[in-house]
Amino acid sequence: MESSWRRYICLTLLLVHIALPQVGASCHILRCNSDFVAATLDLGSSGSGGGYCSALRSYAMCTKRLSRACRGDLTYHSAVQGIEDLLIQHRCPRAGPTAQPRPLPQGTLSGDVCLYERSFFSREGRAPEYLHCGVFGDPHIRTFNDDFQTCAVKGAWPLVDNEYLYIQATSSPARGGAHATVLTKITVIFKRWRHCIDQQLYQAELDNVPAAFSDGSVWSGQRGGHRSLTVRTLNPGQHAEIRAAHIATVLVVHQNGRSLGLSVRSPRGVVEAFGAEQDLQLCMWGCPPSQRIDTLRPPPPPDSLLPTATIGADAHCAALLPKRDIYYWACVFDLITSGDLNSSMAAVSALQDARSMVADGEALHLWLVGSAGRVEPKITPPLLLLLGILGSLSGT
């Protein structure tokens, strides 16, 4: 039973990564699965003893943290049932020590530690895989997993929280909008990393997007003629671009009309370098389900002239964004809820950033389907193969 269950996990991991990298954008059960497999690889074929029970308890804790995001996910519920079976089979106490977490990704620990891309290439023989997150408008979030949501969040929320970087966004009610909220403050903390950088703070607020860190500097961490952190601007007071060479990460902050926007490009190894306690990250999992709004059904405009406002918003946004993708619908949403023509530029700027941050041209545009405004999934032949194999495994 144990060996077949472990083969099931490994096969699922392999096929899902091949077939559908964005599957389960809000349910990260594959991470729990891979952590369990990694924790038990060195335990031998017996699969027994305190180490195995510790790995199972860690596995159970990981799935428990995902219970809300993974509700209804078949792979998740199969994993939960499998853990219960293995705990009983191996007579593992429910309480006890857990397995030590896997070491953090080592992308900056070999070669030149302050140049992530060079170090990664010398070790792996290829460039790192980059992920993109965009937050803009009312606010809308394109997550690192290419999920898309419109959120009703107010106050300060973490967008990114990993071992290298912390980003927080503050959302406030929009001026003149009965329902609209906008980003009014963005805080970025680059955490101290070896001898590359000391901790550095960047803050942007509405009408104040500085091209400098909070201490007034425009660069930080120089080694071997290279600077780990740099800030520059193309439009003083309205735009800032921060480059972090030690983690190969680019951040762009915009002000469009009366709102801020943020775009992030970062390697997968950096994005996923976080612990169990760092489980609230809007760029990873989107906003909580209770805070999500249907992008295709915006609240009525301030003057309640919904039909007129909708027609005008459709025409205005279609002229700016001809493809009816997530950026077009975000533009329509913002225009209807705020009544401000300038709000449409948030989606335009977010798309421009995505063009420079998303390497795969086919992945640039995401499409909304259905009344819930979900991103359209991609059904591929490998995915069909995966579903067939999983069905066979379930039957046996």
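If you're wondering where the values come from, they're calculated on a predicted model, not measured in any experiment. Atoms considered below: every heavy atom in the structure, side chains included; atoms not considered: hydrogens, waters and symmetry mates.
A side-chain donor-acceptor contact under 3.5 Å links Thr181 and Asp138. Gln89 and Asp85 form no side-chain donor-acceptor contact under 3.5 Å, judged by distance and modelled atom types alone. Residues Tyr202 and Gln200 bring no donor and acceptor atom of their side chains to less than 3.5 Å of each other. Judged purely by distance below 3.5 Å, without hydrogens or angles, the side chains of Glu272 and Asn162 never pair a donor atom with an acceptor atom.
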Go through the steps to decide whether Asp360 and Tyr130 satisfy the test side chain to side chain donor-acceptor pair (under 3.5 Å), and finish with yes or no.
CA-CA 10 Å; Asp360 182 359; Tyr130 288 97; over 6 Å; no
Worked check of side-chain contact (heavy atoms from CB on, under 4.5 Å) between Met61 and Thr98
CA-CA 9 Å; Met61 289 175 60; Thr98 55; 3.5 Å; yes
Using ring pair (Phe, Tyr, Trp, His ring centres under 6.0 Å), reason through Phe274 and Trp285 one step at a time and then give a plain yes or no.
CA-CA 13 Å; Phe274 60 87; Trp285 299 295; 5.5 Å; yes
Applying side-chain contact (heavy atoms from CB on, under 4.5 Å), run through Asp325 and Leu366 and close with a yes or a no.
CA-CA 6 Å; Asp325 60 0; Leu366 304 179; 5.9 Å; no
Any chance you could lay out the side-chain contact (heavy atoms from CB on, under 4.5 Å) test for His254 and Leu260, step after step, and finish with the verdict?
CA-CA 6 Å; His254 292 281; Leu260 298 177; over 6 Å; no
Output, in order, the C-alpha distance, side-chain angles, deciding distance and verdict of side-chain contact (heavy atoms from CB on, under 4.5 Å) for Arg268 and Val271.
CA-CA 5 Å; Arg268 179 180 291 278; Val271 167; 5.5 Å; no
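Taking hydrophobic clusters as Ile, Leu, Val, Met, Phe, Trp and Tyr residues chained together by side-chain heavy-atom distances below 4.5 Å, Leu364 shares a cluster with Leu320. No continuous path of hydrophobic side-chain contacts links Ile247 to Met357 [ILVMFWY only; heavy atoms under 4.5 Å]. Residues Ile242 and Val218 fall into different hydrophobic clusters, defined by Ile, Leu, Val, Met, Phe, Trp and Tyr side chains chained together at heavy-atom separations under 4.5 Å. Note on Leu229 and Val231: same hydrophobic cluster, where clusters join Ile, Leu, Val, Met, Phe, Trp and Tyr whose side-chain heavy atoms are under 4.5 Å apart, directly or indirectly. Under a hydrophobic clustering in which Ile, Leu, Val, Met, Phe, Trp and Tyr are joined whenever their side-chain heavy atoms come within less than 4.5 Å, directly or via other members, Val252 and Ile189 fall into different clusters.
Nearest heavy-atom pair across Thr295 and Ala330 is CG2-N, 4.4 Å. In plain terms, the two heavy atoms of Ala346 and Ser259 that are nearest each other are CB-OG, 4.4 Å. Minimum heavy-atom separation, Pro267 to Ala248: CD-O, 3.4 Å. Ser171 and Pro139 make their closest contact through OG-CD, 3.9 Å (heavy atoms, listed as atom of the first residue, atom of the second, distance). For the pair Lys185 and Gln203, the tightest heavy-atom approach, listed with the atom from each and the gap, is CE-NE2, 3.4 Å. Closest non-hydrogen pair, Cys196 versus His246, comes out as CB-CB, 4.1 Å.
Take Arg192 and apply the salt bridge (charged side-chain N to carboxylate O under 4.0 Å, His left out) test, not counting sequence neighbours, and it matches Asp198. Qualifying ring pair (Phe, Tyr, Trp, His ring centres under 6.0 Å) partners for His132, counting only residues two or more places apart in sequence or in other chains: none. Qualifying ring pair (Phe, Tyr, Trp, His ring centres under 6.0 Å) partners for His365, counting only residues two or more places apart in sequence or in other chains: Trp367.
Using cut-offs of 30° and 60° for the angle between ring planes, the Tyr59 and Phe36 rings count as parallel. Ring geometry for Phe148 versus His140: interplanar angle under 30°, hence parallel rather than tilted (30 to 60°). Using cut-offs of 30° and 60° on the angle between ring planes, the pair Tyr116 and Phe120 is parallel.
More than 12 heavy atoms of other shown residues, nucleotides or ligands fall within 6.0 angstrom of atom CZ in Arg126.
No donor-acceptor pair under 3.5 Å is formed between the side chain of Glu163 and the backbone N or O of Leu165. Thr143 places a side-chain N or O within 3.5 Å of a backbone atom of Asp147 that can act as its donor or acceptor partner. Proximity of a side-chain donor or acceptor of Ser119 to a complementary backbone N or O of Leu115 within less than 3.5 Å is not detected. Put simply, the side chain of Arg292 gets close to the backbone of Cys287: a donor and an acceptor are under 3.5 Å apart. Side-chain atoms of Ser58 come within 3.5 Å of backbone atoms of Ser54 as a donor-acceptor pair (strictly under, hydrogens ignored).
Residues Thr170 and Leu183 are not in side-chain contact: their nearest non-hydrogen atoms beyond the backbone lie 4.5 Å or more apart. At a threshold of 4.5 Å between non-hydrogen side-chain atoms, the residues Val160 and Tyr166 do not count as touching. Residues Ile167 and Thr187 form no side-chain contact, since every pair of their non-hydrogen atoms from C-beta on lies 4.5 Å or further apart. The closest side-chain heavy-atom distance from Arg258 to Asp207 is below 4.5 Å. In this structure, the side chains of Tyr164 and Lys191 stay at 4.5 Å or more apart for every pair of heavy atoms. For the pair Val188/Phe190, a side-chain contact is recorded, criterion being any heavy-atom separation below 4.5 Å from C-beta on. Val264 places a side-chain heavy atom less than 4.5 Å from the side chain of Phe144. His195 places a side-chain heavy atom less than 4.5 Å from the side chain of Val113.
To the nearest 0.5 Å, atom CE of residue Met345 and atom CG of residue Asp334 are 12.5 Å apart. Note: Ser343 OG to Asn256 CG = 10.0 Å, rounded to the nearest 0.5 Å. A distance of 8.0 Å separates CD of Gln291 from SG of Cys151, quoted to the nearest 0.5 Å. Taking CD1 of Ile83 as the start and SG of Cys32 as the end, the distance is 7.5 Å to the nearest 0.5 Å. The OG atom of Ser263 sits 12.5 Å away from the CZ atom of Arg355 when rounded to the nearest 0.5 Å. Between the CH2 atom in Trp329 and the SG atom in Cys317 there is a gap of 9.5 Å [rounded to 0.5 Å].
Under the 4.0 Å criterion applied to side-chain N and carboxylate O atoms, Asp353 and Arg142 are not assigned as salt-bridge partners.
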